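Everything below concerns the one structure shown next.
Because the structure is predicted, anything quoted here is derived from the model rather than measured. Naming: A, B, ... by sequence-line order, numbering from 1 per chain.
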2 protein chains.
Amino acid sequence: MKRDLDIHVAIIEDDETIREGYAFLIGNTDGYKVVGTYPSYEDAAKRIVKDNPDVILLDVELPGISGIDALPKLKKILPDTHILILTVYEQEMLIFRALGSGAAGYLTKNTPADKIVAAIHEVMEGGGPMSAHIARMVISSFKRNESTPLTRRETEILEQIATGKSRKRIAEELFIDLETVKSHIKNIYHKLNVHSKADAIKAAKDNKFI
Amino acid sequence: MKRDLDIHVAIIEDDETIREGYAFLIGNTDGYKVVGTYPSYEDAAKRIVKDNPDVILLDVELPGISGIDALPKLKKILPDTHILILTVYEQEMLIFRALGSGAAGYLTKNTPADKIVAAIHEVMEGGGPMSAHIARMVISSFKRNESTPLTRRETEILEQIATGKSRKRIAEELFIDLETVKSHIKNIYHKLNVHSKADAIKAAKDNKFI
DNA sequence: ATGCAAATCACCCGCGAAGGGGGAATATAT
DNA sequence: ATATATTCCCCCTTCGCGGGTGATTTGCAT
């Protein structure tokens with residue numbers, strides 16, 4: 001029984017077996033209705049607006065335009081539709097690009113069918129479903145390196161430098177003398193073994209000191 | 001039956017009812033052993049190293065030293081122990097501070113008991129369990145504003161500026177003339193209505209253009 | 001109490017970078 | 001065709017940046 005209260009789901013996935021498998025599973029779950037399945041972004045573009053899904057399951061490895069590149073385009077034509085990435089890839093770059101482009105969640109393809117249905121529900125409730133390993137990568141992207149060679153003040157000043165502020169402005173905002181700031185910066189450069197703002201920022205970011 | 005193969009769990013939580021409730025639930029789950037329960041960080045500090053838990057459930061609202069401040073201290077004395085934050089608060093600042101200090105996951109207290117046990121297991125398997133709403137906040141922290149007034153090239157150059165690179169260096173790395181970079185920066189400043197690097201970076205970051 | 005690290009301030013130098021004004025020639029879409 | 005993006009060119013002044021060498025004070029730990 002399909003009703004209008006159902007969550008409308010669309011699937012963009014090139015592998016027919018997987019695509020129809022998901023469609024069958026989701027379509028036969030109470031409360032869900034599959035309004036469209038497409039083998040590529042190009043195919044989806046033609047019909048997805050009038051199919052008007054609430055949630056799109058999007059594969060990243062698609063022929064033609066990749067899922068990652070399709071994501072911002074889909075968000076543009078369907079701004080209120082939630083997009084769930086579904087992929088075998090767990091590369092950091094892909095994950096962060098997808099999330100930056102407005103993906104609502106990121107699942108790996110080994111996710112069991114019931115978990116995918118649960119994820120769709122979670123997305124509709126304002127959640128952000130992620131596979132365990134993905135969540136770990138996302139969390140560790142926040143983690144700072146606690147064994148920094150920099151002192152508290154040095155770290156603080158380096159953070160200010162990273163916002164593009166001049167030494168003078170940093171001095172004013174920290175209520176210390178310009179010479180003090182210069183002194184700290186010199187010490188930072190020595191510790192990080194660099195000779196410029198840009199290199200210090202890069203070194204610090206690479207090592208998660210800031 | 002408690003064995004050495006069990007996952008050793010410690011609980012730091014000031015509310016005795018909640019603390020003992022969790023301890024009972026986890027302790028009576030096969031495969032888990034509660035090795036310590038403490039009402040505060042100060043109490044935990046005395047015994048937690050020899051109790052040597054695999055996972056700590058950490059409340060944020062503790063008397064004395066808060067859970068957030070306790071987190072880096074705990075990571076220092078037990079570097080290989082996973083810490084799960086358990087709280088009623090869903091403030092962005094708290095969440096990101098906790099994750100930045102090395103929390104392995106972040107659960108809200110309305111999480112059902114079986115989900116908490118599942119989260120502990122997930123942590124041990126290298127996952128990063130989060131409550132749905134938390135995960136959403138974490139994900140949206142990555143999301144860029146797609147309606148930027150800046151062109152692609154301008155965004156690209158502004159990103160380079162935000163890394164502290166000089167205009168000359170940016171020109172070299174993008175294989176364009178210094179004058180072109182200057183031109184782009186002038187346009188960026190006009191569009192963002194600012195008159196300095198620092199203000200441009202701030203404006204762009206506030207609006208998630210970069 | 002003594003010692004060390006952290007944080008503060010001082011004055012030197014040379015050079016390049018930053019910010020702002022003007023204009024103009026090519027793409028590249030739509 | 002027209003707009004926008006991207007590229008390049010010239011002018012100008014001010015100020016910031018990187019580096020050298022030093023001193024002082026504060027606070028924490030042994």
Side-chain angles (χ1 to χ4, degrees), chain A residues 42 45 65 69 72-73 76-77 145-204 209-210, chain B residues 45 65 69 72-73 76-77 144-204 209-210:
Chain A
E42 288 83 347
I65 293 174
D69 294 328
K73 297 178 195 289
K76 204 166 189 174
I77 58 177
N145 186 347
E146 54 244 64
S147 63
T148 167
L150 304 178
T151 67
R152 277 214 214 113
R153 198 55 152 181
E154 285 164 359
T155 304
E156 190 181 6
I157 285 173
L158 188 48
E159 274 166 354
Q160 298 295 312
I161 291 173
T163 69
K165 294 198 182 98
S166 72
R167 300 155 178 225
K168 189 181 173 186
R169 192 162 158 188
I170 293 169
E172 284 162 2
E173 290 180 13
L174 295 182
F175 305 107
I176 55 178
D177 197 275
L178 170 62
E179 289 301 327
T180 309
V181 175
K182 288 182 68 179
S183 209
H184 284 305
I185 291 173
K186 269 182 285 197
N187 293 331
I188 291 167
Y189 286 4
H190 285 140
K191 285 183 182 178
L192 299 184
N193 201 17
V194 295
H195 309 278
S196 71
K197 248 186 310 182
D199 292 343
I201 292 169
K202 187 178 185 323
F209 296 150
I210 57 169
Chain B
I65 294 175
D69 295 327
K73 296 178 196 290
K76 206 165 189 177
I77 58 177
R144 284 216 194 184
N145 186 348
E146 53 243 67
S147 64
T148 168
L150 303 179
T151 68
R152 275 213 218 112
R153 200 55 154 178
E154 285 163 359
T155 303
E156 191 181 6
I157 285 173
L158 188 47
E159 273 166 354
Q160 297 296 312
I161 291 174
T163 68
K165 294 199 183 97
S166 72
R167 298 157 179 223
K168 188 181 174 188
R169 191 160 157 189
I170 293 169
E172 284 161 2
E173 291 180 12
L174 295 182
F175 304 106
I176 56 180
D177 197 274
L178 170 63
E179 288 301 327
T180 309
V181 176
K182 287 180 68 178
S183 208
H184 284 306
I185 291 173
K186 268 185 286 195
N187 293 331
I188 291 167
Y189 286 5
H190 285 140
K191 284 182 180 178
L192 299 184
N193 200 17
V194 296
H195 311 278
S196 72
K197 247 186 310 182
D199 292 344
I201 292 170
K202 188 181 184 323
F209 297 151
I210 56 171

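Rounded to the nearest 0.5 Å, atoms NE2 (B/H184) and CD1 (B/I161) are 10.5 Å apart. Between atom CD1 of residue B/I201 and atom OG1 of residue A/T163 there is a gap of 6.5 Å, rounded to the nearest 0.5 Å. To the nearest 0.5 Å, atom CZ of residue B/R167 and atom CD1 of residue B/I185 are 4.0 Å apart.
Residues of residues 173-204 of chain A that place a heavy atom closer than 4.0 Å to DNA chain C, in numerical order, are A/I176, A/D177, A/E179, A/T180, A/K182, A/S183, A/H184, A/K186. Listed by residue number, the members of residues 153-172 of chain B with any heavy atom below 4.0 angstrom from DNA chain D are B/R153.
Taking each heavy atom of B/P149 and B/F209 in turn, the nearest pair found is CD-CZ, 3.4 Å.
Sequence neighbours left out, the pairs with a member in residues 186-197 of chain A that pass side chain to side chain donor-acceptor pair (under 3.5 Å) are A/E154-A/K191, A/S196-A/D199.
Between A/V194 and A/K202 there is no side-chain heavy-atom pair separated by less than 4.5 Å. By the 4.5 Å heavy-atom criterion applied to side chains, A/L150 and A/L192 are counted as neighbours.
Taking the 5' to 3' direction, DNA chain D first and last meets chain B under 4.0 angstrom from a heavy atom at D/dA5 to D/dC11.
The existence of a salt bridge linking A/K165 and A/E173 is confirmed by a sub-4.0 Å separation between a basic side-chain nitrogen and an acidic carboxylate oxygen.
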Problem set entry | Full working for side chain to side chain contact (heavy atoms under 4.5 Å, CB included) between A/T148 and A/N145 | CA-CA 6 Å; A/T148 167; A/N145 186 347; 5.9 Å; no
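For B/E159 (side chain) and B/I210 (main-chain N/O), no donor-acceptor pair under 3.5 Å exists by modelled atom type. Judged by distance alone, the side chain of B/T155 and the main-chain N or O of B/T151 form a donor-acceptor pair under 3.5 Å.
Inter-axis angle, ends of the helix from C/dA1-D/dT30 to C/dA29-D/dT2, five pairs per end, rounded to 10 degrees: 70°.
With sequence neighbours excluded, the residues satisfying salt bridge (Lys or Arg N to Asp or Glu O under 4.0 Å) with B/R153 are B/E156.
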